[in-house]
Amino acid sequence: MALIVHKYGGTSMGSAERIRNVAKRVAKWARAGHQMVVVPSAMSGETNRLLGLAKELSPAVGSPELNRELDMIAATGEQVSVGLLAIALQAEGVEAVSYTGWQVPVATDSSFTKARIESIDDTRVRADLAAGKVVVIAGFQGVDEDQNITTLGRGGSDTSAVAIAAALKAAECLIYTDVDGVYTTDPRIVPEARRLHTISFEEMLEMASLGSKILQIRSVEFAGKYRVPLRVLSSFTPWDISIEEEAKSGTLISFEEDEKMEQAVVSGIAFNRDEAKVTLLGVPDKPGIAFQILGPVADANIDIDVIIQNVSHDGKTDFSFTVHRNDYARTMELLEKTVGPATQAAKVVGDARICKVSIVGIGMRSHVGVASKMFRALSEEGINIQMISTSEIKTSVVIDEKYMELAVRALHRAFELEQIPT
Ligand code: ASP
Ligand code: MG
């Protein structure tokens, strides 16, 4: 018997029929003697629907003053889910109780629409578990110190589930979703993509931050910080398969580096279309120039990703970096109006039609020639690399967006990711 947290995404909660399936699955685990905490998302499409209603009422939705109200609205999606799931569980003959975030409470800071969890009080939940109840807790939400309802950012139920698992020191947090695990890359782009049985926590962190949308990145960070064993698995397997079978399906996000020792050098390929590139041409190459350019960008709260500075000619250099595509217009304006003139840049140019493709693997730490193999594969396809960035366990390139799929396929082939590593 163990304390287990299950998280069910919006698709898994998408209809009464699916909620009944979730209830049957949870009931199976509870009957096997496990203490169960379940964290569902809103029914699929519901959060968008709710936020859409707000948008219909005011063009100001999106500006920070209204974020408190948006959280008030968006949090109801999960509130409906927990109530429905608790009812469905009782219909299966399992005692269950539902809670919103503030009832637990899940304490967060006050950054509405992207709040961070600060602490979770487990008293109430533990008492219910001890009384033999399944506890159903609304994902995606919490409460700040002034009793305002907050939400954790889109996809935030993953983070709720992992944080709750950490607070309760759960044996495992199972994230049930509409895919059956983490793949070497997106199977919609590479049909031969293979499901990974395990991926190391660090690799998952890179995959998630590089655009693989399976888990909210913060949930992976949380899992790493508190060493919560995480498994991503499908909620579409028959609910009555054996627990043993279920418990080893999907992909385990593991902390055991040794398990990975004999595995592939590269574990997966991630890609991200959400970036845009900006360049300052002909800036004076002198001490402090990078700070002069990037300081104001950081002050404007714009995240910078890849940065590149060229070798200088005649005391001038070109300086490029990438930002999120949502920040592109704002960044261009900042560069054209302030930073460009202040740094005496000859010209400011931008390109929103780029993408970033990355190879990820902890094996890259101990192997040489991995990046060059990547560059060769891309050159054989005639793909021009605009920027490169590396860390210990990944190499990313920025390329023209129109070659993204070609690049991902070429790399998947070059690193033979369709084959089980021996
Ligand atoms: N319902 C929220 C969203 O759609 C949170 C989640 O699903 O994880 O973003
Ligand atoms: Mg999700």
Side-chain angles (χ1 to χ4, degrees), residues 9 11-12 155 158 174-217 219-220 223 230-237 245-246 248-254 259-260 262-275 355-364 367 370-371 373-381 383 385 391 393-422:
T11 319
S12 320
D158 294 335
L174 284 78
I175 309 267
Y176 288 89
T177 176
D178 50 2
V179 293
D180 64 353
V182 180
Y183 278 69
T184 48
T185 196
D186 188 336
R188 283 169 299 192
I189 293 187
V190 183
E192 301 77 34
R194 190 170 45 80
R195 177 167 60 83
L196 298 162
H197 292 281
T198 62
I199 183 168
S200 79
F201 152 73
E202 286 171 283
E203 289 169 328
M204 191 62 212
L205 198 59
E206 289 288 359
M207 293 290 273
S209 69
L210 293 169
S212 144
K213 302 238 159 59
I214 297 177
L215 290 175
Q216 199 198 32
I217 173 94
S219 72
V220 186
L230 261 190
R231 185 179 291 277
V232 175
L233 68 173
S234 169
S235 67
F236 294 126
T237 54
E245 195 182 332
E246 207 173 315
K248 51 179 209 290
S249 68
T251 301
L252 176 71
I253 295 152
S254 112
E259 275 178 29
K260 297 283 298 179
E262 313 125 83
Q263 291 203 12
V265 179
V266 170
S267 297
I269 296 165
F271 51 85
N272 186 350
R273 290 178 228 249
D274 297 338
E275 289 191 32
C355 70
K356 189 170 78 174
V357 177
S358 314
I359 55 174
V360 176
I362 52 175
M364 288 168 75
H367 287 77
V370 184
K373 188 166 173 181
M374 176 187 202
F375 304 150
R376 180 165 76 204
L378 295 173
S379 79
E380 281 169 3
E381 299 294 341
I383 300 171
I385 301 170
S391 81
I393 66 162
K394 68 133 209 263
T395 302
S396 304
V397 295
V398 170
I399 59 172
D400 188 323
E401 179 187 59
K402 67 174 183 259
Y403 298 124
M404 193 191 83
E405 300 199 354
L406 181 63
V408 172
R409 283 194 205 105
L411 293 171
H412 203 272
R413 219 180 307 117
F415 289 99
E416 300 177 345
L417 293 185
E418 71 289 346
Q419 287 170 35
I420 297 169
T422 44

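Remember, predicted model here, so these are calculated numbers, not experimental data. Numbering starts at 1 and runs along the sequence shown.
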Criterion side chain to side chain contact (heavy atoms under 4.5 Å, CB included) on Leu378 and Val397, from CA distance to verdict: CA-CA 10 Å; Leu378 295 173; Val397 295; 3.8 Å; yes

Answer whether the closest heavy-atom distance between the side chains of [X] and [Y] falls below 4.5 Å.
| X | Y | answer |
| --- | --- | --- |
| Ile217 | Ser219 | no |
| Leu230 | Leu252 | no |
| Val398 | Ile385 | no |
| Arg231 | Thr251 | no |
| Thr184 | Ile269 | no |
| Val220 | Phe201 | yes |
| Phe375 | Thr395 | yes |
| Thr177 | Leu233 | no |

Looking at [atom1] of [X] and [atom2] of [Y], how far apart are the two atoms once the value is rounded to the nearest 0.5 Å?
| X | Y | atom1 | atom2 | answer |
| --- | --- | --- | --- | --- |
| Asp400 | Cys355 | CG | SG | 7.5 Å |
| Glu418 | Arg413 | CD | CZ | 9.0 Å |
| Ile175 | Ser234 | CD1 | OG | 13.5 Å |
| Arg194 | His412 | CZ | NE2 | 7.5 Å |
| Arg376 | Glu380 | CZ | CD | 6.0 Å |
| Glu192 | Glu416 | CD | CD | 13.0 Å |

Which pair of non-hydrogen atoms, one from [X] and one from [Y], has the smallest distance, and what is that distance?
| X | Y | result |
| --- | --- | --- |
| Gly361 | Glu203 | CA-OE2, 3.3 Å |
| Tyr176 | Ser12 | O-OG, 4.0 Å |
| Met207 | Ala270 | SD-CB, 4.1 Å |
| Met404 | Phe271 | CE-CD1, 3.5 Å |
| Glu275 | Asn272 | OE2-ND2, 3.6 Å |
| Ala407 | Val357 | CB-CG2, 4.4 Å |

Asp178 and Thr11 side chains, donor-acceptor separation under 3.5 Å: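 Checked: Thr11/Asp178 side chains pair up, N/O donor to acceptor below 3.5 Å.
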
Side chain to side chain contact (heavy atoms under 4.5 Å, CB included) involving Ser358 - partner list, sequence neighbours excluded: Leu210, Lys356, Ser396

Counterpart residues, side chain to side chain contact (heavy atoms under 4.5 Å, CB included), relative to Ala414 (two or more places apart):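 For Ala414, the residues satisfying side chain to side chain contact (heavy atoms under 4.5 Å, CB included) (neighbours in sequence not counted) are Ala377.
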
Chi angles and distances behind the side chain to side chain contact (heavy atoms under 4.5 Å, CB included) call for Met364, Ile359: CA-CA 9 Å; Met364 288 168 75; Ile359 55 174; 4.1 Å; yes

Candidate pair Phe415 and Lys373, rule side chain to side chain contact (heavy atoms under 4.5 Å, CB included), full reasoning: CA-CA 8 Å; Phe415 289 99; Lys373 188 166 173 181; 3.7 Å; yes

Derivation and outcome, side chain to side chain contact (heavy atoms under 4.5 Å, CB included), residues Glu202 and Ile362: CA-CA 8 Å; Glu202 286 171 283; Ile362 52 175; 4.1 Å; yes

Side-chain donor/acceptor of Asp158 to backbone N/O of Leu215, under 3.5 Å: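 Not at all, since once roles are kept as given, no pair shorter than 3.5 Å links the two residues.
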
Atom CZ of Phe236 with >12 non-hydrogen neighbours under 6.0 angstrom: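 Yes, because the 6.0 Å sphere around CZ of Phe236 holds more than 12 heavy atoms from other groups.
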
